[in-house]
Amino acid sequence: MSSTPTVLRNILERKKEEIAERSRTASIQHLLNEIKVQTPVRGFVASIERKLAQQQAAVIAEVKKASPSKGVIREHFDPTEIAKSYEKGGAACLSVLTDADFFQGSETYLKQARTASTLPVIRKDFIIDDYQLVEARAIGADCILLIVAALDKQQLVSLNNIALELGMDVLVEVHDRAELDLALDLPNKLIGINNRNLHTFETSLDTTFTLLPHIDSERIVVSESGIHSIDDVKIMRGHNVNTFLVGEAFMRDEEPGRRLMEMFN
Ligand SMILES: O=P(O)(O)OC[C@@H](O)[C@@H](O)c1c[nH]c2ccccc12
């Protein structure tokens, strides 16, 4: 990885410090004890597959207060209310940002959202260390995100294995062909194509269309980021992409679940 500063590299530098701070406050042993009393995992991939089997779009609906490129997206931010609205609107799964410094997220939001609904939840964060995986399951996460752009091959394989051993599903996220090739070496079912470049935060739906032909039909492709309109959804479904990760478009609506229903039904 070159060393020119980009948004992603800044986030990862800070993330290392954050993990060091956290592991001084709560030991892995402490987190492992919390896992013992945590409720069982809810099948994240299974919930997506159920929607797809009914010819419906499978929507991973994101609980997102702010982002580095957009600033605060939602002023009135109540994860409990949002999670309930998403479930009512027909979401397959929830995604909760837990990064505090760049996305104003928190572990508490994940716990609140998961308690308020019956849906499986992905911990959306920049995962670079085993510690975060144990922490993810301890707070209730059913799935974790692995961003290929943030990891080398060894880290990717090792974090993936540990997450699976902890019983969680994994969404492997890519943005270009080289990252996709690394992802396809894993046996995972879920491949996320992030339409947003995490170095520059530029977004283009063409990212999905460019990478799609290189992915075998056994996989479930999740188109992530920048999906805002009914037309965006139509174009995606026209390419046989039926699984989506959407944040901002829902978060800007007073009732996020109603917006979900409008866009996807
Ligand atoms: O708000 P949007 O444009 O609908 O995007 C949601 C989600 O895809 C985005 O939050 C995201 C995708 N991958 C990430 C990795 C880290 C942080 C955030 C993300």
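Atoms within each ligand, like the ligands themselves, are counted from 1 in listed order. Everything numeric here is computed off the predicted structure, so don't read it as measured data.
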Engineer: For ligand 1, is there an atom lying under 4.0 Å from some heavy atom of Ala249?
Structural biologist: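 Contact check Ala249 vs ligand 1: negative.
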
Engineer: Once you restrict to heavy atoms under 4.0 Å, what part of Asp99 touches ligand 1? Side chain, backbone, both or neither.
Structural biologist: neither

Engineer: Going from CG on Leu119 to CZ on Arg42, what distance comes out if it is rounded to the nearest 0.5 angstrom?
Structural biologist: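 Rounded to the nearest 0.5 Å, the CG-CZ separation comes out at 7.5 Å.
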
Engineer: Counting heavy atoms only, which part of Lys64 comes closer than 4.0 Å to ligand 1: side chain, backbone, both or neither?
Structural biologist: side chain

Engineer: Less than 3.5 Å between some nitrogen or oxygen of Ser225 and one of ligand 1, yes or no?
Structural biologist: yes

Engineer: Any side-chain donor-acceptor pair under 3.5 Å between Thr207 and Asn194?
Structural biologist: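 Checked: Thr207/Asn194 side chains show no N/O donor-acceptor pair below 3.5 Å.
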
Engineer: To check you understand the geometry: which heavy-atom pair defines the closest contact between Ala91 and Lys51, and what is its length?
Structural biologist: O-CE, 4.0 Å

Engineer: Is there a donor-acceptor contact under 3.5 Å linking the side chains of Arg177 and Thr210?
Structural biologist: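 Per modelled atom types, Arg177 and Thr210 side chains form no pair under 3.5 Å.
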
Engineer: Hey, is Glu248 touching ligand 1 through its side chain, its backbone, both or neither, going by heavy atoms under 4.0 Å?
Structural biologist: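 Both the backbone and the side chain of Glu248 come within reach of ligand 1.
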
Engineer: Taking atom types as modelled, is there a side-chain donor on Ser225 or Asn195 under 3.5 Å from an acceptor on the other?
Structural biologist: no

Engineer: Measuring from non-hydrogen atoms of Phe126 to any atom of ligand 1, is the shortest distance under 4.0 Å?
Structural biologist: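 For ligand 1, residue contact (heavy atoms, under 4.0 Å) with Phe126 is present.
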
Engineer: At a non-hydrogen distance cut-off of under 4.0 Å, which region of Ile147 contacts ligand 1 (side chain, backbone, both, or neither)?
Structural biologist: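 Side chain only; the backbone of Ile147 stays clear of ligand 1.
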
Engineer: Counting the benzene-type ring for Trp, do Phe77 and Tyr109 have ring centres under 6.0 Å apart?
Structural biologist: yes

Engineer: Are Asn195 and ligand 1 in contact, using a heavy-atom cut-off of under 4.0 Å?
Structural biologist: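 Per 4.0 Å heavy-atom rule, Asn195 does not contact ligand 1.
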
Engineer: For the residue pair His76 / Glu81, report whether a side-chain donor-acceptor contact shorter than 3.5 Å exists.
Structural biologist: yes

Engineer: One residue to check: Met251. Relative to ligand 1, which of side chain, backbone, both or neither has a non-hydrogen atom less than 4.0 Å away?
Structural biologist: neither

